[in-house]
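To keep things clear, I will list the structure first and then write my remarks on it.
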There are 2 protein chains.
Amino acid sequence: MMVTIYDIAKQAGCSAMTVSRVINNTGRISDETRQRVLDIMKEMNYVPNAMARSLVKQESRILSLLITDITNPFYTSLARGAEDAARELGYRLLLANSDEELAKEKEYIDTVLSARVDGVLFAPAGDASLPNLKRLRKQNLPFVLIDREVPGIECDMVLGDSKEGAKRLTSHLIEQGHARIALLGGSRGVSTARARQAGYEETLQLSGLPYREEYVAESHYRAGEIARHVKRLMALPEPPTALFAANNFLALGAIRALRDQGLRVPEDVAVVCFDELEAGFVLDPFMTVAAQPAYDFGVLGIRLLVDRIQGKAAEDWRRVVLPPTVHLRRSSGGT
Amino acid sequence: MMVTIYDIAKQAGCSAMTVSRVINNTGRISDETRQRVLDIMKEMNYVPNAMARSLVKQESRILSLLITDITNPFYTSLARGAEDAARELGYRLLLANSDEELAKEKEYIDTVLSARVDGVLFAPAGDASLPNLKRLRKQNLPFVLIDREVPGIECDMVLGDSKEGAKRLTSHLIEQGHARIALLGGSRGVSTARARQAGYEETLQLSGLPYREEYVAESHYRAGEIARHVKRLMALPEPPTALFAANNFLALGAIRALRDQGLRVPEDVAVVCFDELEAGFVLDPFMTVAAQPAYDFGVLGIRLLVDRIQGKAAEDWRRVVLPPTVHLRRSSGGT
DNA sequence: TATTATTGGGTTATCGATAACTCTAAACTA
DNA sequence: TAGTTTAGAGTTATCGATAACCCAATAATA
């Protein structure tokens, strides 16, 4: 249907190979022939067929970005960074959302393998993503993990310093005078959730505060579940006066649940969390957060990936850790 | 490098064509042969090469989503809808941000033509995108416009009812007692900006309010420019008491500028705008907006596109118009 | 002048799949 | 029993490009 190099060649009175050479600027071509071919290409609106080229070159110049949900502001910014970096490096970007479902993740792994993308920037659902990663590894497809690491697989990664961020948030609450601090944690099957919990525990200990089992909840992301956990926490004989939510979604759910119970934030309960609640500029951010440089996660992730693809990376796996920035705001009485 | 049907064929002692038939469930294959081939495919971790298939089938099963900026909450949700719909229909999605720059848009058009995507879901920068659209049309590549239409091109589109939304927002301000309402409009080279201005003007007229030239500003998205416009408006002998911003970004910039001048919203100036300021759930939305069903924009856009690609669409161009929902909130004293 | 390089290409095979056609043996039919 | 179907494959060409090798004419060199 579309114009091919053979059509161009016929018009120009040369071989397809000559056209290919003009396109790629390889081999020896006389200026005269080159110009003739270029003119005809323009005239006929020739557009090279990247798939045909990919087939013989064994590279597609397509990368895949597999995240859990583009509407999570962290991933929104990350995706933007990834796209910008990919474009700059001459790659296109295939987007997919896994919703933290392993089945979707697996399905998508099949898709990218089939599409012969050159690499995958991958935010895994959690430790259970291991088989999916092994699948990529077995097929020799380069990938870079972002945000979460997965025990059992060695690879390049771009992570945040979850433990450090958790320490700072917890310290902040303690400095605000809180002694009864609850943790609304994410699934223990996710590396960041574990690190955040570790930071929380360690900070309590260093501050001489008791670690209380009953102050720790492990919640999935369903709103109902969050509300149940919050309810239980606030019904304790000594209810917490502050809540550390392990991520933005949990924090939103928690504040909703608190309000539903007639509790005010921060007057009755202070709340802090990981990750911003919004992607772009926002008017009056309410939540005290440990914000991560999401855009940079995307940019660096793509760069690591492309380095690896192009064989420019050192043999050893690289592990980039980006520090979070704590923003003190109203939700913790921080301002 | 990766396993091909020829490798499978050799192992199974049959021809490549037989393997292809098993994969596609076409032709006649004995159960015995089929099972043998399937077993070997699994054993050897065979993954079909979608590019090779695309080359001969003349379809890639890839769609392209070209938006202005994924971090704009409207496009964040739209992208999610598009991806969900694409997946459901068996397509992959290539993502790109144009930043409303025609050059980036053009560059990306070249990319998708070269990638031989099956279609493009396209949020154009504005009327000036016409040549880019004509390029797609000339190459016979199906596309669907989203959010904005472009005079001079006929095609499928999914639009919001900008005029109606503008009317409702303006009416709301009038009902709140405002008589001096300014419009901070977008570029007149964008269809939605024109429609919103039309709705604004019409509503003023119907309400017997004068249309004042000096109350209308046309601003691009640079923060400095927004601030300058706001400054001018508020320095008028009779400054406006309410401001209708044509989109979320303008509204943000306007509120910033107002605050920098020591003006409070909504006490000194009420502000309303088109589109939500955030993509997902948010705690206490402040802005009175005409919200558009962004997710549905994406889903419907992809469906129109795929219908068109698969020849299931009626010959006539379809134009889907989705109504906005007005949310009355604090920024206009609406609640 | 004879020989070697270089220029400016062309030819053929290949990437990994599918379309379209062919072919053979067994089954079925008249 | 001879002819016709049909099941179950195989063969070859093709999609649109590039890699690798080849080749004639001209230019440079001994």
Side-chain angles (χ1 to χ4, degrees), chain A residues 1-38 40-41 44-62 110-111 113-118 139-141, chain B residues 1-38 40-41 44-62 110-111 113-118 139-141:
Chain A
M1 188 65 109
M2 286 181 72
V3 178
T4 74
I5 54 170
Y6 296 95
D7 302 322
I8 305 291
K10 186 178 286 179
Q11 279 295 312
C14 66
S15 74
M17 201 56 223
T18 300
V19 178
S20 173
R21 287 187 178 113
V22 170
I23 294 170
N24 296 287
N25 237 317
T26 56
R28 304 178 215 282
I29 304 285
S30 70
D31 288 349
E32 187 197 359
T33 305
R34 175 190 313 281
Q35 199 51 56
R36 185 156 33 94
V37 169
L38 286 173
I40 293 175
M41 275 171 37
M44 297 182 74
N45 285 305
Y46 171 74
V47 181
N49 185 325
M51 289 189 314
R53 174 184 288 151
S54 298
L55 192 55
V56 55
K57 288 212 145 191
Q58 302 282 58
E59 65 160 14
S60 62
R61 291 249 144 198
I62 299 179
D110 284 342
T111 294
L113 283 172
S114 180
R116 297 302 196 264
V117 303
D118 292 342
Q139 298 287 350
N140 223 19
L141 185 59
Chain B
M1 187 65 109
M2 287 181 73
V3 178
T4 73
I5 54 169
Y6 296 95
D7 302 322
I8 305 291
K10 187 179 287 179
Q11 280 295 313
C14 67
S15 74
M17 200 55 224
T18 299
V19 177
S20 174
R21 287 189 179 111
V22 170
I23 294 170
N24 295 288
N25 237 318
T26 56
R28 306 178 213 280
I29 303 285
S30 69
D31 287 348
E32 186 197 1
T33 306
R34 175 190 312 282
Q35 200 50 55
R36 185 156 33 94
V37 169
L38 286 174
I40 293 175
M41 275 171 36
M44 298 182 75
N45 284 304
Y46 171 74
V47 181
N49 185 325
M51 290 189 313
R53 174 184 289 153
S54 298
L55 193 55
V56 54
K57 288 213 145 189
Q58 301 283 56
E59 65 159 15
S60 62
R61 291 249 144 198
I62 298 181
D110 285 341
T111 294
L113 283 171
S114 180
R116 298 298 197 265
V117 303
D118 292 342
Q139 299 286 351
N140 222 19
L141 185 58

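Just so it is clear: chains get the letters A, B, ... in the order the sequence lines come, proteins before strands, and each one is counted from 1. Quantities reported herein were computed from a predicted structural model and do not represent experimental measurements.
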* If only side-chain N and O atoms of A/Y46 are considered, is one of them under 4.0 Å from the OP1 or OP2 phosphate oxygen of D/dA17? -> yes
* To do: For C/dA19, take OP1 and OP2 only and decide whether either is under 4.0 Å from a side-chain N or O of B/Q58.
  => no
* Taking atom types as modelled, is there a side-chain donor on B/S114 or B/T111 under 3.5 Å from an acceptor on the other? -> no
* To do: For A/L141 and A/V117, work out which heavy atoms get closest and say how close.
  => CD1-O, 3.1 Å
* Asked: Given atom CE of A/M51 and atom C1' of D/dT18, what is their separation to the nearest angstrom?
  -> 16 Å
* Asked: Between A/T33 and C/dG9, is there a side-chain N or O to OP1/OP2 distance below 4.0 Å?
  -> yes
* How many Å lie between CG on B/D7 and P on C/dG16, as a whole number? -> 8 Å
* Specify the separation, in whole Å, of atom CZ of B/R61 and atom P of C/dA17. => 18 Å
* Asked: Could you state the CD1-P distance from B/I8 to D/dG10, rounded to the nearest angstrom?
  -> 14 Å
* **Nucleotide nearest B/M17 when distance is taken to its side chain, options D/dT11, C/dG8, C/dC15** => D/dT11
* Between atom CD in A/E59 and atom P in D/dA19, what is the gap in whole Å? -> 10 Å
* To do: Inspect the contact between B/E59 and B/R61 and indicate whether a charged nitrogen and a carboxylate oxygen are less than 4.0 angstrom apart.
  => yes
* Within less than 4.0 Å of OP1 or OP2 of D/dG10, is there a side-chain N or O belonging to B/T18? -> yes
* Does B/Y6 or A/A52 map to a spot on DNA chain D nearer the 5' end, using the closest nucleotide for each? -> B/Y6
* Asked: In whole Å, what is the span from the CG atom of B/N49 to the P atom of C/dC15?
  -> 12 Å
* To do: Round to the nearest Å and state the distance from A/Q139 atom CD to C/dG16 atom P.
  => 13 Å
* **Closest-nucleotide 5' rank along DNA chain C - winner of A/R28 and A/R21** => A/R28
* Map B/R53 and A/K57 onto DNA chain C by nearest heavy atom, then report which one ends up closer to the 5' terminus. => A/K57
* Structure fact -> The answer to which of A/S20 and B/I29 contacts DNA chain D further toward the 5' end, by nearest nucleotide, is B/I29
* Structure fact -> Scanning both residues in full, the closest heavy-atom pair of A/M41 with A/I23 reads SD-CG1, 3.9 Å
* Within less than 4.0 Å of OP1 or OP2 of D/dT18, is there a side-chain N or O belonging to A/T26? -> no
* Asked: If you take all heavy atoms of A/A16 and A/A9, which pair is closest and at what distance?
  -> N-CB, 3.6 Å
* Length of the CD1-P vector between B/I23 and C/dA19, whole Å -> 12 Å
* **Phosphate contact (C/dG10 OP1 or OP2) by A/S15 side-chain N/O below 4.0 Å** => yes
